[in-house]
Structures are given as structure tokens and as C-alpha cells.
Amino acid sequence: MNKTVMFSLAATCLFAVLPVEAMAEKNTTMEVQLSKSQLSLEKVSSPAFGTQKLTGEAQILVAQEDLTITIEDGRAEKTSGWSVYYRLYAYQNSKDKENLAQAETKIGQGELRVNGELVGKEDYQAHPLSVKETNQTDQPLLQYHGSATADAITYIYTVTKENISLQLPKGTKAGSYSAQQMISLRDLPENN
């Protein structure tokens with residue numbers, strides 16, 4: 001005869017709630033101060049082509065206004081340069097939203113001035129652009145690689161209207177067209 005002995009183990013958990021005699025709270029303030037970037041695009045003007053008559057043939061329209069880009073550099077250490085990139089989205093007809101097919105915008109080289117004075121060509125590179133409807137990507141327009149010591153510097157890059165054109169293919173459809181331009185300012189790594 002098998003005898004089985006069973007043992008039973010019982011555990012008892014005791015919980016005690018003790019009164020809180022002292023409870024402390026403290027509120028503190030978190031602060032952040034936001035300021036505009038030390039390197040910033042202050043103003044951008046768009047070249048415009050006005051009202052033109054179509055001839056039915058391929059045409060080159062010259063802009064009636066300059067492209068002007070104003071950059072403010074308030075960085076304490078101005079040992080690194082900066083670059084400006086340009087993107088032009090397709091011209092669209094305001095009526096039917098159809099793109100201005102095979103149009104090409106050309107933007108020639110401009111001049112860079114700092115606080116009103118012409119900057120030497122050794123301190124910057126201006127890149128002429130040819131922008132077609134199909135290449136809507138950022139393209140380098142200007143690269144500044146000089147250095148300065150002044151507290152705040154205002155740079156103005158201008159491409160004169162005579163150096164900006166819109167080439168229209170033969171058979172361009174009449175209408176009112178517009179395109180968005182996007183200008184990007186990018187900080188360059190430190191000069192070594």
C-alpha cells in the first residue's frame with residue numbers, strides 16, 4: 001500500500017498602508033528662447049516676364065524684373081561659407097493647369113554685393129542655370145566661400161533681367177502661366 005503524504009504550503013502576504021506624514025511637490029519652469037537663424041534668407045524677388053504676344057514660332061522672352069536674393073549672416077564665426085540652391089517648378093496654365101511643355105528658363109550669372117560693395121570673384125562662384133520643365137531639382141546657383149569679421153553682414157545677389165530668359169517652343173498655347181521658384185540657403189562646412 002502506497003502512502004502518499006501531501007504537504008501544503010500556504011503563504012500569507014501582508015500589506016500595510018501607512019499614512020503619509022509629509023508630501024512635497026515642486027513646480028519649476030522650463031524655458032526656451034528661440035531666435036531666427038544666424039544665417040538666413042531675408043528677401044527673394046521673382047523675375048517676371050509680363051504679357052507677351054505669341055508668334056506661333058519658337059520665342060525667347062527676356063525678363064522684365066531682376067532676380068534678387070538677400071542673405072543675412074549674423075554668425076559669430078564666419079569661417080564657413082554658404083550655398084544658394086534654386087528650384088523652379090513647371091509653369092502651369094491658370095485655366096486648365098496644363099504645364100508649359102518644353103519651356104526652358106535660363107538664369108545667367110549674377111553679382112554678389114556685401115553691405116553694398118561688390119565681392120571679388122575669388123570669394124564666390126555663380127552658376128548659370130538652364131531649367132527645363134522636366135528637371136525640377138535643386139540646382140546650385142551661388143556658392144560663397146569667403147570669410148568675414150563683421151558682426152552682421154547683408155549679402156545681395158542679383159541676376160539682372162537681361163540675363164534671365166524664358167524659351168518657348170513653337171506652337172506654345174496662349175494662356176496665363178505661373179511657376180513657383182524655391183530658393184534654399186545652406187551652410188557649408190568650416191574652412192580648414
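Gln38 and Ser40 share no donor-acceptor pair across their side chains, judged by distance under 3.5 Å alone.
Follow the hydrophobic side-chain contacts under 4.5 Å out from Val84 and you reach Leu39 in the same cluster.
The 12-atom threshold is not exceeded at CD of Gln102, counting heavy atoms of other residues, nucleotides or ligands nearer than 6.0 Å. Atom NZ of Lys121 sits in a crowded spot, with more than 12 heavy atoms from other residues, nucleotides or ligands closer than 6.0 Å.
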Determine whether Leu168 and Leu61 satisfy the following criterion, side chain to side chain contact (heavy atoms under 4.5 Å, CB included), listing intermediate values before the conclusion. CA-CA 8 Å; Leu168 302 175; Leu61 309 178; 3.7 Å; yes
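Residue pairs that meet the salt bridge (Lys or Arg N to Asp or Glu O under 4.0 Å) test with at least one member in residues 100-120, sequence neighbours left out, are Glu111-Arg113. Residue pairs meeting the salt bridge (Lys or Arg N to Asp or Glu O under 4.0 Å) criterion with at least one member in residues 166-178, sequence neighbours excluded, are Asp96-Lys173, Glu98-Lys173. Among pairs with a residue in residues 80-125, those fulfilling ring-ring contact (aromatic ring centres under 6.0 Å, His included) read Trp82-Tyr144, Trp82-Tyr155, at least two apart in sequence or across chains.
Every side-chain hydrogen bond (donor to acceptor under 3.5 Å, both in side chains) that Asp138 has, sequence neighbours left out, goes to Arg87, Arg186. For Gln125, the side-chain contact (heavy atoms from CB on, under 4.5 Å) criterion is met by His127, Gln143, His145, not counting sequence neighbours. For Asn99, the side-chain hydrogen bond (donor to acceptor under 3.5 Å, both in side chains) partners at least two apart in sequence or on another chain are Gln92, Glu133. The side-chain contact (heavy atoms from CB on, under 4.5 Å) search around Ser94 returns Ser176, not counting sequence neighbours. Residues forming a side-chain hydrogen bond (donor to acceptor under 3.5 Å, both in side chains) with Ser184 (at least two apart in sequence, or on another chain): none.
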Contacts table for residues 44-54: side-chain donor-acceptor under 3.5 angstrom, sequence neighbours left out:
residue, atom, partner, partner atom, Å
Ser45, OG, Asp66, O, 3.3
Ser45, OG, Thr68, N, 2.9
Ser46, OG, Gln181, NE2, 3.0
Gln52, NE2, Phe49, O, 2.7

